[in-house]
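Here the structure is laid out as structure tokens; the discussion comes afterwards.
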2 protein chains.
Amino acid sequence: MRILIGNHIDPSIRARGDMRAWTQRLFWFARPGDLLILCCEPDTAFVGYTLAHTGVKREELTVLAAPPGAWGDRLLDPASLTVLAFVEQVRAALGPDGPSAVSEVFALWPSAAVARLADTLGVADRFPGAAFFGQGGGEIGNNKANFRALAAAAGVPILPGRICRSRTEAIEATGALLETSPSGAVVVKQAHNGAGVGNQLLVRDAEMAVGHVGARHLHHLARGLDDVAAYWAERWPWASGEGRWPVVVEEFAPGADAVYSEHYASDDGTRATETGRLLYVGRRLSHQVVPLDGVTEPTRAALLDGGTRLADAYRAFGYRGHLSADALVLPGGSVVFTEVNAQVSGSLHIYQSIAHGIVDVAAAPPRQVVEYHVPPTWAVPGFAAFLAALDELGLAYDPATRTGVIVSMPAIPLAPGEPVQFVFCIAYDPAEGHVGAFDRLDARFAAVPAGTYDASQHIGTSGAVSFSS
Amino acid sequence: MRILIGNHIDPSIRARGDMRAWTQRLFWFARPGDLLILCCEPDTAFVGYTLAHTGVKREELTVLAAPPGAWGDRLLDPASLTVLAFVEQVRAALGPDGPSAVSEVFALWPSAAVARLADTLGVADRFPGAAFFGQGGGEIGNNKANFRALAAAAGVPILPGRICRSRTEAIEATGALLETSPSGAVVVKQAHNGAGVGNQLLVRDAEMAVGHVGARHLHHLARGLDDVAAYWAERWPWASGEGRWPVVVEEFAPGADAVYSEHYASDDGTRATETGRLLYVGRRLSHQVVPLDGVTEPTRAALLDGGTRLADAYRAFGYRGHLSADALVLPGGSVVFTEVNAQVSGSLHIYQSIAHGIVDVAAAPPRQVVEYHVPPTWAVPGFAAFLAALDELGLAYDPATRTGVIVSMPAIPLAPGEPVQFVFCIAYDPAEGHVGAFDRLDARFAAVPAGTYDASQHIGTSGAVSFSS
């Protein structure tokens with residue numbers, strides 16, 4: 001058996017809103033005999049739906065909700081994992097063979113609290129990297145500022161940029177980069193955030209095309225250093241988390257494509273697991289596609305090479321587990337890396353469980369999988385209503401054709417009575433693409449006029465329900 | 001020629017007080033032809049004294065003071081290094097061969113600003129680790145929290161402890177460690193500080209011997225978790241730098257000796273450079289001795305082995321240059337590591353320049369070198385007065401006997417008209433020890449009654465004149 005922990009970045013590093021739905025993607029990874037630990041009771045409809053796809057029986061799994069801590073059942077309080085009564089519950093769930101039955105401890109985020117639980121249970125040797133993570137190593141590998149230093153040391157290409165530890169440094173760095181940046185634009189990045197939510201694009205040219213960029217926030221700079229100083233006077237506390245974190249200021253590369261290369265780091269070495277593409281609409285993460293297509297062989301090789309070097313570098317300092325190296329393909333085809341997420345990303349369930357497990361994209365005829373965020377313009381009443389619509393439209397996943405929609409997350413309303421938000425996959429024939437299927441769903445559910453929804457409440461934001469890592 | 005930069009940790013990471021004296025230890029490293037960059041005009045008496053010992057002629061060196069920045073001439077403002085007019089001054093100092101004359105860029109602290117200066121001059125390939133340091137890598141290698149994770153990953157022994165990112169975590173960690181710590185005591189460590197100034201010892205037993213410990217601050221805990229919570233309510237902002245840094249909470253090991261192993265990491269590998277011993281009096285760094293003596297061979301081997309593994313680990317993620325692995329020898333002789341300072345330590349000038357260069361401790365008959373901080377009980381009127389006293393007492397360094405006193409730093413008053421503070425080395429016959437020489441100086445200068453001086457103004461503190469890295 002394995003112990004799977006549906007956690008997320010420690011709230012002491014980055015406070016999230018409500019991770020109940022997002023962390024239940026854990027069910028895509030479950031195998032018979034596994035013990036799953038969540039922050040909440042699982043969503044019965046989603047669990048039944050998921051297990052029907054993976055072929056695991058509900059009674060083959062043990063699911064425990066950790067005791068509510070500082071955040072109730074919305075977030076897993078790391079301290080809850082080692083509450084004595086809960087540890088006893090976990091021990092009891094190991095069955096008659098006790099700790100020796102445990103083959104692996106797997107966590108969505110490599111928290112020190114997971115290492116402590118593994119240690120308490122006597123299974124620390126089955127949590128890869130336990131000693132490193134037990135001393136806060138998870139933070140080192142998930143910091144966008146550290147990334148730039150580690151990538152530079154590994155000789156992996158990054159964009160010109162700087163790490164800033166004070167507002168003064170940020171003003172200086174922004175001014176210097178605006179001088180030399182061909183685009184006259186820079187990206188400001190929080191050290192800890194995801195899906196572009198912690199990125200702000202500073203542009204001088206208000207006409208610049210930026211909708212495809214993974215930067216939730218946009219600021220138009222007037223000419224001159226005064227405007228740069230005014231920007232930082234306002235945004236330094238946001239960018240640095242009130243001074244807690246270094247801030248990345250990086251040249252903006254217009255017209256680039258966002259791609260990633262995922263890897264697994266074990267005690268024995270690293271191996272590449274999958275590559276894919278991220279697509280942003282209105283500077284929000286809209287959908288992602290696996291396996292990666294539409295790149296030349298040299299570009300693919302550069303992505304894999306840089307990703308491998310980063311995985312090796314992260315492994316060298318102690319990281320173990322899955323990691324995602326994010327990159328941009330520049331208009332000329334060259335590849336520059338932008339960050340590493342040394343955790344279970346928002347892509348692993350798509351390629352490992354759905355694309356390779358259920359759909360088997362590499363079989364003949366080939367298939368591809370896209371995962372969409374429900375767009376902010378859709379009004380979906382609920383999970384059952386969405387499944388019913390899929391049936392009606394003939395869009396439900398069909399194992400015979402290996403095409404159709406698989407909902408990847410529980411669908412829960414942002415507020416009681418509101419439409420639900422979630423993510424869903426479409427398996428499709430690469431020759432046909434996924435736009436046809438998406439458009440039919442769009443025609444059915446697009447009921448919220450653009451401009452009337454609150455962008456800050458859209459999926460992927462922190463403070464609300466999160467559908468990103 | 002080499003470019004030597006007398007800098008210190010970037011003020012955006014850790015604000016220091018007045019580093020003018022401490023950074024002038026750079027002169028111990030100077031060789032004919034070198035260019036030295038300081039935050040201030042050098043102390044003429046000290047420079048003449050040092051060069052008389054090293055045999056370098058003043059006219060063989062070029063010394064530039066960087067333009068005053070945010071801290072005047074007390075601290076080197078990293079931004080000053082790339083001020084255009086200053087870069088031109090540096091260029092002019094390179095001589096007719098220009099950048100090709102530069103064999104190495106050497107900095108006391110691996111600042112991104114040094115990498116930018118090297119880059120601007122076209123000599124980045126001669127600043128080892130330039131790409132890594134240019135992206136803030138210096139901070140990664142000098143963070144006591146990161147150290148614990150990196151050491152754990154490298155399998156190097158550390159004391160039980162935790163990394164805390166919030167007050168809640170600190171309360172939990174302190175409570176848990178006090179439960180299991182045989183001493184009933186823990187050490188709290190700021191991520192960035194030096195010479196024990198950022199350490200606080202929490203003890204339940206008021207009788208415990210702690211004077212020899214490198215922890216400037218002491219707190220007596222009553223029984224119970226309430227007192228732990230009260231401590232953290234008061235000290236979390238201090239320990240975390242207002243939430244900026246993770247905090248280390250570590251078991252306290254009574255009766256341990258503080259030792260270190262220094263290493264050099266280059267592109268080709270690492271090599272051990274020297275081992276030594278730190279001695280604290282009244283929980284303040286009092287003196288250090290090189291080479292290390294008084295340990296068994298297994299202890300020495302364990303120190304070298306762990307230091308080498310740490311040096312290799314730091315090299316693996318990108319660090320280049322000198323580093324110091326600090327450790328404790330426990331009463332049973334085993335070695336546990338406590339931090340790595342990946343910068344030019346306060347020991348390099350002692351062993352590289354003075355002990356091995358001037359005294360040649362390994363020649364026959366063998367010699368040893370101790371460096372003392374002027375104790376807070378001494379009232380030394382000035383540099384010349386101290387040298388005169390050395391002459392009178394027959395304690396000035398004598399190349400014939402290879403024994404005697406070498407002052408290692410400029411002697412400057414903490415405030416105008418106050419006695420001066422500095423550090424000085426005594427070269428001695430290991431069979432005789434250094435206490436005799438020290439006692440004669442103590443008899444001469446101990447004029448401040450114990451209990452009447454302000455401990456917070458003692459050397460090594462931040463906020464005042466600093467004599468530590």
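Chain letters run A, B, ... following the sequence lines, proteins first and then strands; every chain starts at 1. From a predicted model like this one, the values you see are computed outputs, not experimental measurements.
- Only the backbone of A/Ala145 comes within less than 4.5 Å of a heavy atom of chain B; no side-chain atom from C-beta onward does.
- For B/Ala149 against A/Ile140, the heavy-atom pair with the smallest separation is CB-CD1, 3.9 Å.
- If you tally non-hydrogen atom pairs under 4.5 Å between each of A/Ala131, A/Gly318, A/Cys164 and chain B, the highest count goes to A/Ala131.
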Between chain A and chain B, which N and O donor-acceptor pairs fall under 3.5 Å? A table would be great.
| from | atom 1 | to | atom 2 | distance (Å) |
| --- | --- | --- | --- | --- |
| A/Ser12 | OG | B/Glu169 | OE2 | 2.6 |
| A/Gln135 | OE1 | B/Arg148 | NE | 2.8 |
| A/Gln135 | OE1 | B/Arg148 | NH2 | 3.3 |
| A/Gln135 | NE2 | B/Gly161 | O | 2.9 |
| A/Arg148 | NE | B/Gln135 | OE1 | 2.8 |
| A/Arg148 | NH2 | B/Gln135 | OE1 | 3.3 |
| A/Gly161 | O | B/Gln135 | NE2 | 3.0 |
| A/Arg165 | O | B/Arg244 | NH2 | 3.1 |
| A/Glu169 | OE2 | B/Ser12 | OG | 2.6 |
| A/Gly243 | O | B/Arg244 | NE | 3.2 |
| A/Arg244 | NE | B/Gly243 | O | 3.2 |
| A/Arg244 | NH2 | B/Arg165 | O | 3.1 |

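- When each of B/Gly129, B/Pro246, B/Ala154, B/Ala152 is checked for heavy-atom pairs under 4.5 Å with chain A, B/Ala152 comes out on top.
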